[in-house]
Amino acid sequence: MKLDYSLLTDLYQLTMAQGYWQTGKAETDACFHMYFRDYPFKGGYAVACGMAQLAEIVDTFQFSPEDLAYLESLDAPAGGKLFDKGFLNYLADFSLDCDIDAVSEGTIVFPFEPIVRVTGSIMQCQLLETALLNCINFETLIATKAARVCLAAQGAPVAEFGLRRAQGAAGGVWASRAAVVGGCASTSNVLAGKLFDIPVSGTHAHSWVMSFDSELEAFRAYAEAMPKNCVLLVDTYDVEQGIKNAITVGLEMRERGEHLSAIRIDSGDLAWLAKAARRMLDEAGLTDCGIVLSNDLDEYTIRSIQGEGAKVNSWGVGTKLATAYDQPTLGGVYKLSAVRLPGSSVWEDKIKISETAVKLTTPGVLDVRRYYHNDGRIAGDMVYDIHSGVQPEEIIVDPCDDLRRKKLQGKNYKTLLHPLARRGKTVLEAEFRSAMAAQERTRQGLATLDESQKRMLNPHTYPVGLERGLYERRRQLVAKLRGYDPK
């Protein structure tokens, strides 16, 4: 879904870019990292998503003549034009030349570890910031919500159909893709199906039933029109009578050698109605007819319905999934961590110190090692500087509590950040742009979590820490900047 990504930015990114250009700092190398600070939905993990759109941003990033004409038209608050003509001429020939590394979509991720690393000229890194945060924040949030919903469904397929209540067309399209990355079996969003090669699904609405003289007539007509995709919505008037009418049509279809796939219930006491429907269908001999439930579902209502013993074959989840109803944003940030002067090979640490401890950043050019127990479960994540390496003891220190430490020495590990772009050109292979391949990575990643980390209420906290040498380096830098003796 193509957007003008060069202007999908905050104005201050462009005013800073002009400042870098005017002061001769445009070519100073910089390293930025994107990460988030807290678990979404009060859970125990997040599912990384948005890297495919980030690759699209890189592939299409340029300033068109129309973009430059618009920027040239902007007035400064104190009078005159906001942007210098020479700077706009510079942008006319602008092309990305930075490197981007990111976790693969579907990777299980945690607070305070880099999800994306961008290195290149400081101006280029800044120009990418807003669009990068926009896609990674939103899609990671939706993919995580989808994973939670699908875990609650315990293997029963979940269809996403929140487009009509999503946050605009673009938000709806990318939400549908992220929902599939998180585990949804399909989406109702046909455009998303076309753009991203993901499964689509859908049946009929109440208006179909209301357009006929009777519910039974409507069901018969739909079965004739869609004999191979026949799911009947039974709650337009009276659910019990709707089930009876669906049974009538299901038996008629059986006589013709066809099959009533399922009935759908979209209102009322879903647990009670699902149990009643299952009993009625079984007594009529339609044991192979499934039951689909929808209507403002989320992971909590699904878990509750299952707890009451309802046998549900699949779920339709819309508003609360496509809008991440109970948490509006992931809150991911993008922070400068190192700079390098032109011609130099040495990176200089940069750090943001805040009155709020949780906002203290980590210096360096960072990556993440994920360590594993022998049984395949993940044991801990280490954030480390790729140029400083890792001390032999392989100890991680909680970035918010230096008394919480864990030794990971001797365990198998893998690094999480992989090349997405080199010198401004994407190197992301088709497998890593595929939503379905990302869905499989999500499934495999969730399987490496302990069950205590996946529970909805008060999940166990997964250990993520700074490599001990990096932690000490950060501590000393903070002390120096605050005028304390670092020893």
Side-chain angles (χ1 to χ4, degrees), residues 31-37 39-40 44-52 54-55 99-119 132-133 135-137 139-140 143-144 147 181-182 330 332-335 337-338 361-373 376-390 394-399 406 408 411-422 426-429 431-434 437-450 453 461-467 470-471:
C31 178
F32 285 76
H33 297 95
M34 186 266 174
Y35 61 95
F36 61 96
R37 297 187 178 113
Y39 290 98
Y45 62 89
V47 176
C49 193
M51 289 69 192
L54 178 56
D99 292 346
I100 302 176
D101 296 86
V103 303
S104 300
E105 286 189 310
T107 300
I108 306 302
V109 290
F110 304 94
F112 297 108
E113 60 187 20
I115 300 174
V116 183
R117 182 180 71 223
V118 182
T119 53
L132 182 155
L133 283 172
C135 66
I136 304 294
N137 269 321
E139 293 175 52
T140 297
T144 305
V181 170
L330 180 66
V333 295
Y334 182 84
K335 297 299 181 184
S337 62
T361 63
T362 301
V365 181
L366 309 176
D367 204 333
V368 183
R369 281 187 182 183
R370 176 157 293 167
Y371 290 81
Y372 292 85
H373 294 294
R377 290 179 299 117
I378 52 179
D381 283 9
M382 173 190 287
V383 179
Y384 71 101
D385 187 317
I386 64 174
H387 298 302
S388 299
V390 174
E394 297 180 279
I395 293 173
I396 58 174
V397 183
D398 188 316
K406 185 171 184 177
L408 297 169
K411 295 185 182 298
N412 292 324
Y413 67 86
K414 66 179 182 181
T415 55
L416 297 190
L417 297 184
H418 305 289
L420 185 148
R422 288 291 180 266
T426 57
V427 294
L428 204 61
E429 299 174 1
E431 175 189 356
F432 294 97
R433 295 179 189 247
S434 163
Q439 183 188 81
E440 176 60 20
R441 281 192 291 274
T442 300
R443 187 194 66 79
Q444 293 177 1
L446 289 171
T448 67
L449 290 177
D450 187 84
Q453 295 157 347
T461 301
Y462 176 74
V464 175
L466 304 183
E467 189 270 332
L470 177 61
Y471 178 85

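In this text the structure is predicted, and so the values were computed from the model without any measurement.
Note that CD of Gln444 and OG1 of Thr107 are 10.5 Å apart. Values are rounded to the nearest 0.5 Å. Here CG of Leu416 is found 4.5 Å from CZ of Arg370. Values are rounded to the nearest 0.5 Å. Between the CG atom of Leu408 and the CG atom of Asp381 there is a distance of 9.0 Å, given to the nearest 0.5 Å. One distance of note links OG1 of Thr362 with CG of Leu466; it measures 4.5 Å at 0.5 Å rounding. The line from CD1 of Ile395 to NZ of Lys406 is 12.5 Å long, rounded to the nearest 0.5 Å. Note that CG of Leu54 and CG of Leu133 are 10.0 Å apart. Values are rounded to the nearest 0.5 Å.
Legend: residues meeting ring-ring contact (aromatic ring centres under 6.0 Å, His included) with Phe110, ordered by chain and number and at least two apart, are Tyr462. Scanning for side chain to side chain donor-acceptor pair (under 3.5 Å) contacts around Thr442 gives an empty result, with sequence neighbours left out. Not a single side chain to side chain donor-acceptor pair (under 3.5 Å) links Asp367 to another residue, sequence neighbours left out. Applying the side chain to side chain donor-acceptor pair (under 3.5 Å) test to Thr119 and every residue at least two apart in sequence or in another chain returns nothing. Applying the salt bridge (charged side-chain N to carboxylate O under 4.0 Å, His left out) rule to Asp398 yields the partners Arg404; only residues at least two apart in sequence or on another chain are considered. Qualifying side chain to side chain donor-acceptor pair (under 3.5 Å) partners for Arg369, counting only residues two or more places apart in sequence or in other chains: Tyr371, Glu394, Tyr413.
The nearest pair of heavy atoms linking Met51 to Val116 is CE-CG2, 4.4 Å. Across all non-hydrogen atoms, the minimal contact from Arg422 to Ile100 is NH1-O, 3.4 Å. Across all their heavy atoms, Val47 and Ala147 have their closest contact at CG2-CB, 3.8 Å. The shortest heavy-atom contact between Ser104 and Ala48 is O-CB, 4.2 Å. Taking all atoms of both residues into account, the shortest heavy-atom contact from Gly465 to Pro399 is CA-CD, 4.0 Å.
At a threshold of 4.5 Å between non-hydrogen side-chain atoms, the residues Thr144 and Tyr39 do not count as touching. No side-chain heavy atom of Val118 sits under 4.5 Å from any side-chain heavy atom of Asp99. Contact check for Thr415 versus Ile386: no side-chain heavy atoms found under the 4.5 Å cut-off. The closest side-chain heavy-atom distance from Val103 to Leu417 is below 4.5 Å. At least one side-chain heavy atom of Phe112 sits under 4.5 Å from a side-chain heavy atom of Arg37. Within the 4.5 Å cutoff, the side chain of Leu470 has no heavy atoms near those of the Met382 side chain.
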Could you walk me through whether Ile396 and Val464 pass the side chain to side chain contact (heavy atoms under 4.5 Å, CB included) check? CA-CA 7 Å; Ile396 58 174; Val464 175; over 6 Å; no

Please assess His373 against Lys411 for the test side chain to side chain contact (heavy atoms under 4.5 Å, CB included), listing each intermediate value before the final yes or no. CA-CA 7 Å; His373 294 294; Lys411 295 185 182 298; 3.5 Å; yes

Thr361 vs His33, side chain to side chain contact (heavy atoms under 4.5 Å, CB included): CA-CA, chis, key distance, verdict: CA-CA 10 Å; Thr361 63; His33 297 95; over 6 Å; no

Would Phe36 and Ile115 count as a side chain to side chain contact (heavy atoms under 4.5 Å, CB included) if you check the C-alpha gap in whole Å, the side-chain angles of each, and the deciding distance to 0.1 Å? CA-CA 8 Å; Phe36 61 96; Ile115 300 174; 3.6 Å; yes

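Between the Lys414 side chain and the Tyr372 main chain, no donor and acceptor come within less than 3.5 Å of each other. Under a 3.5 Å cut-off, the side chain of Arg117 and the backbone N or O of Cys31 do not form any donor-acceptor pair. At distances below 3.5 Å, not a single donor-acceptor pair connects side-chain atoms of Glu113 with backbone N or O atoms of Tyr35. A donor-acceptor pair is defined here as one N or O able to donate and one able to accept, closer than 3.5 Å; such a pair exists between the side chain of Thr140 and the backbone of Cys49. With Ser337 contributing its side chain and Val365 its backbone, the two residues share no donor-acceptor pair below 3.5 Å. Asn137 places a side-chain N or O within donor-acceptor distance of the main-chain N or O of Gly332, the cut-off being under 3.5 Å. Not a single donor-acceptor pair under 3.5 Å links the side chain of Thr426 to the backbone N or O of Leu420. For the pair Ser434 (side chain) and Glu431 (backbone), a donor-acceptor distance under 3.5 Å is absent. A donor-acceptor contact shorter than 3.5 Å links the side chain of Arg433 to the backbone of Leu428.
For Glu440, the CD atom sits in a packed shell: over 12 heavy atoms of surrounding residues, nucleotides or ligands are nearer than 6.0 Å.
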